[in-house]
Amino acid sequence: MTTEELERLLAQQPIALLHRLARGRVHRHFRAGKRRLIELLLHHSATNRAGFESDLMALIGERQQRPPAAPRERHAPRPAAPAHAPRPPTHPHHEGESHEASVLLNDWLSGIGVPPPQPFVPDEWQLDALEKLQTGDVVVSVPTGSGKTYVAVEAAKRAIEENRTVIYTSPLKALSNTKFTEFSRIFGQERVGILTGDRRDNSQAPLLIMTTEILRNLLYDAAGGEIDLRLDTLGLVIMDESQYLADPERGVVWEETIIFCPSQARLLLLSASIGNPHDIADWLTSIRSVPAHLIKHTKRTVPLRAGYLHPDGKLTPLFRTIGIPHGHPGYLHPEAKRLFTRYEDETSSPRSRR
Ligand SMILES: Nc1ncnc2c1ncn2[C@@H]1O[C@H](COP(=O)(O)OP(=O)(O)OP(=O)(O)O)[C@@H](O)[C@H]1O
Ligand SMILES: [Mg+2]
């Protein structure tokens with residue numbers, strides 16, 4: 001929208017809406033009259049026009065969705081119902097539709113970024129996982145971003161100190177490359193190697209990073225009698241993103257890798273939250289020579305926020321709240337609804353429907 005259109009739209013809004021829009025944007029906005037407030041808002045919008053327009057449309061959408069106020073009583077008020085009697089609803093309420101205020105884009109974005117540095121204190125579950133690894137295999141099932149890498153690194157350090165080889169597997173070449181860089185920084189380049197379909201570097205290092213398929217093939221070769229020296233000294237196999245066990249196509253690779261994994265090596269399975277980690281731990285216990293311990297929690301250290309990015313670059317919260325509600329379409333943000341509808345209109349032209 002052009003600046004003139006925006007100005008016109010702002011002028012059509014009640015001042016209460018303009019004040020809500022000005023919150024967090026215009027210092028002491030409550031002191032300004034309508035005309036001055038519009039000037040200040042327009043000035044502010046120059047720095048983030050898309051976000052500003054998105055918040056404005058959200059507020060307008062919310063206002064339009066609000067049920068009309070009940071007409072004033074012209075005749076004598078009816079006697080009030082006794083306090084204990086259930087009151088009739090004051091307006092028709094669509095099932096699941098919430099009339100709570102929707103979060104503004106500015107508030108939804110607030111707090112995202114790099115947190116201030118703090119001393120590192122391992123979480124209880126991280127210490128627990130490391131301790132349990134002393135007596136058996138470990139299955140970790142915790143939400144994304146919880147700090148599974150810390151467990152992998154500490155466990156690898158301990159195994160390397162005991163002169164054991166460590167293999168870290170990931171499902172993706174890209175993730176293997178990232179971990180190679182990350183672990184080279186932590187352990188020193190000479191102690192980290194990588195084996196993927198595309199890359200073979202420092203393959204005699206004590207800490208080897210590979211895709212799960214490569215490890216499965218190494219274990220196949222070992223099973224066929226071609227024992228690889230690294231497998232002789234293998235002390236720890238870390239399988240990151242092990243929820244791939246459930247993948248209909250690739251899951252079999254994880255399964256075979258676990259079955260062929262030498263008994264002297266500890267297995268550390270790291271996964272994002274999965275529904276049945278007990279089953280996996282029970283299965284491991286049934287096929288391996290040591291018990292498998294389960295470390296599980298579902299608390300998100302990094303809360304999720306959901307947004308919608310329209311192809312034209314407009315960003316809006318997806319729901320009315322900052323966090324993700326457990327789902328009813330009624331909780332969708334009015335601006336997200338508006339952008340969806342616009343997207344549908346734009347993409348369902350007779351030509352694109354053909
Ligand atoms: N105990 C802790 N206290 C604070 N921050 C931590 C802690 N443990 C790990 N972190 C930090 O949390 C972030 C996420 O960690 P990490 O990448 O290991 O998560 P993850 O569980 O492997 O997530 P994903 O499922 O995405 O692979 C990192 O920046 C890491 O430094
Ligand atoms: Mg991870």
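Every number for a ligand or one of its atoms is a count from 1 in the order of the listing.
A side-chain N or O of Q243 and one of E241 form a donor-acceptor pair less than 3.5 Å apart. With no hydrogens or angles considered, no side-chain donor-acceptor pair links S176 and T196 at under 3.5 Å.
Listed for the S146 side chain is no donor-acceptor partner under 3.5 Å among the backbone atoms of V142.
Closer than 4.0 angstrom to ligand 1 lie heavy atoms from F120, V121, P122, D123, Q126, T144, G145, S146, G147, K148, T149, E241.
The residues D240 and K148 are annotated as not salt-bridged, no charged nitrogen and carboxylate oxygen being separated by less than 4.0 angstrom. Look at E346 and R342 and you find a salt bridge, because one of the NZ, NE, NH1 or NH2 atoms lies within 4.0 Å of a carboxylate O, short of that distance.
Aromatic ring orientation, F183 versus Y168: perpendicular (interplanar angle above 60°, classes split at 30° and 60°).
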